[in-house]
Amino acid sequence: MLKRWDLLVILFFLLISGVFWIFMRATNKSGEYFVVFHKGKEIDRKALDKDNLLKYNFSKGNYVEIKIENNAVRVTRSSCPHKFCVKESWIKLGGQRIICVPNEFVLGIYPKFVANLGIEDSKEIDGVSG
Amino acid sequence: MDQQIKILSLYVAIASVFQVTETLIIPPLIPGFKIGFANIVTLLVLYKFSFKDALIVGVLRVFTSSLVLGTFLSPAFFISLMGTLISCLAMGSVFCVKFFRLRLTVVGVSVVGGVFHNIGQLVTSYYFFIKHSSIWLFLPLLIILGIISGIFIGVITDGLLKRMDSNEETDSACI
């Protein structure tokens with residue numbers, strides 16, 4: 001039933017998929033700095049190479065605490081009920097995000113300098129569609 | 001001609017039933033991933049009738065099933081329509097080129113269709129709905145899932161073609 005050329009077609013597509021995957025792995029460099037958003041507006045931007053422990057306080061006693069270590073960043077403590085942002089653990093590659101919905105908090109890593117990162121005026125970030 | 005329209009509309013009905021049932025009843029193994037049983041009908045028409053008829057059946061199937069599912073003119077409808085169009089065109093071109101036609105079985109043509117269906121959907125959602133370059137990360141995964149569902153559909157269609165009565169000539173015209 002399966003002839004040799006069928007297998008060749010399958011192998012060809014597998015090869016394409018593998019090449020794409022390797023290409024994406026190779027071009028995904030580790031990030032240079034991270035940007036913190038609250039309610040869609042940039043509130044902080046720092047380099048990843050300095051170890052640090054930062055706490056952001058929001059209204060009604062809500063807070064998010066992040067830790068920077070070894071060119072990676074994670075959320076260590078947060079006031080949200082489910083702690084999904086804490087369970088996300090370390091991120092370090094460009095394009096990775098930690099999102100905390102109850103606090104309207106987004107922590108994103110960028111591989112190179114991007115000037116304007118407000119969600120209103122950037123098609124890069126607002127990628128949610130119905 | 002009259003007879004052919006009747007038979008083709010029957011195929012459209014069968015394909016719509018496949019698509020609606022699969023969407024509503026069968027739970028997906030991977031979220032957002034379907035085997036795509038409706039493609040059996042498109043392949044069958046491609047082998048029994050012609051490329052043009054397969055294209056017509058595929059597109060009409062998307063229209064009718066979207067009316068039943070309530071997704072008519074929604075993003076899901078356009079993504080599905082473009083996926084079906086591109087997969088039909090890819091399968092048709094593979095089927096019509098003599099070089100491939102002599103060498104590929106139904107499984108090979110079905111794999112081409114499955115992969116191009118996913119590529120078409122991804123390209124459509126990139127250019128019209130989600131203009132974010134990170135959705136290309138899905139491409140390797142979608143190609144592999146396309147191969148898997150293509151093999152599945154191809155094997156089923158192969159069995160079907162063998163069991164259907166072979167009195168009439170099975171060699172379909174290209175256009």
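In what follows, chains carry the letters A, B, and so on, assigned in the order in which the sequence lines appear, proteins first and then strands, with residues in each chain numbered from 1.
Neither the backbone nor the side chain of B/I135 comes within contact range of chain A; no heavy atom of the residue lies under 4.5 Å from a heavy atom of that chain. Neither the backbone nor the side chain of B/F138 comes within less than 4.5 Å of any heavy atom of chain A. With a threshold of 4.5 angstrom between heavy atoms, B/L102 approaches chain A through N, CA, C or O but not through any side-chain atom. Using a 4.5 Å cut-off between heavy atoms, B/V106 does not touch chain A at all.
Using cut-offs of 30° and 60° on the angle between ring planes, the pair B/F77 and B/F63 is perpendicular.
Rounding to the nearest 0.5 Å gives a distance of 6.0 Å between CG of B/L122 and CG of B/L139.
No more than 12 heavy atoms of other residues, nucleotides or ligands sit less than 6.0 Å from atom CZ of B/F128. Residue B/Y11 qualifies as enclosed at atom OH: its count of foreign heavy atoms under 6.0 Å is above 12. The environment of CH2 in B/W136 is crowded: more than 12 heavy-atom neighbours from other residues, nucleotides or ligands sit within 6.0 Å.
Of the listed residues (B/V94, B/V111, B/L141, B/L104), the greatest number of heavy-atom pairs within a distance under 4.5 Å of chain A belongs to B/L104.
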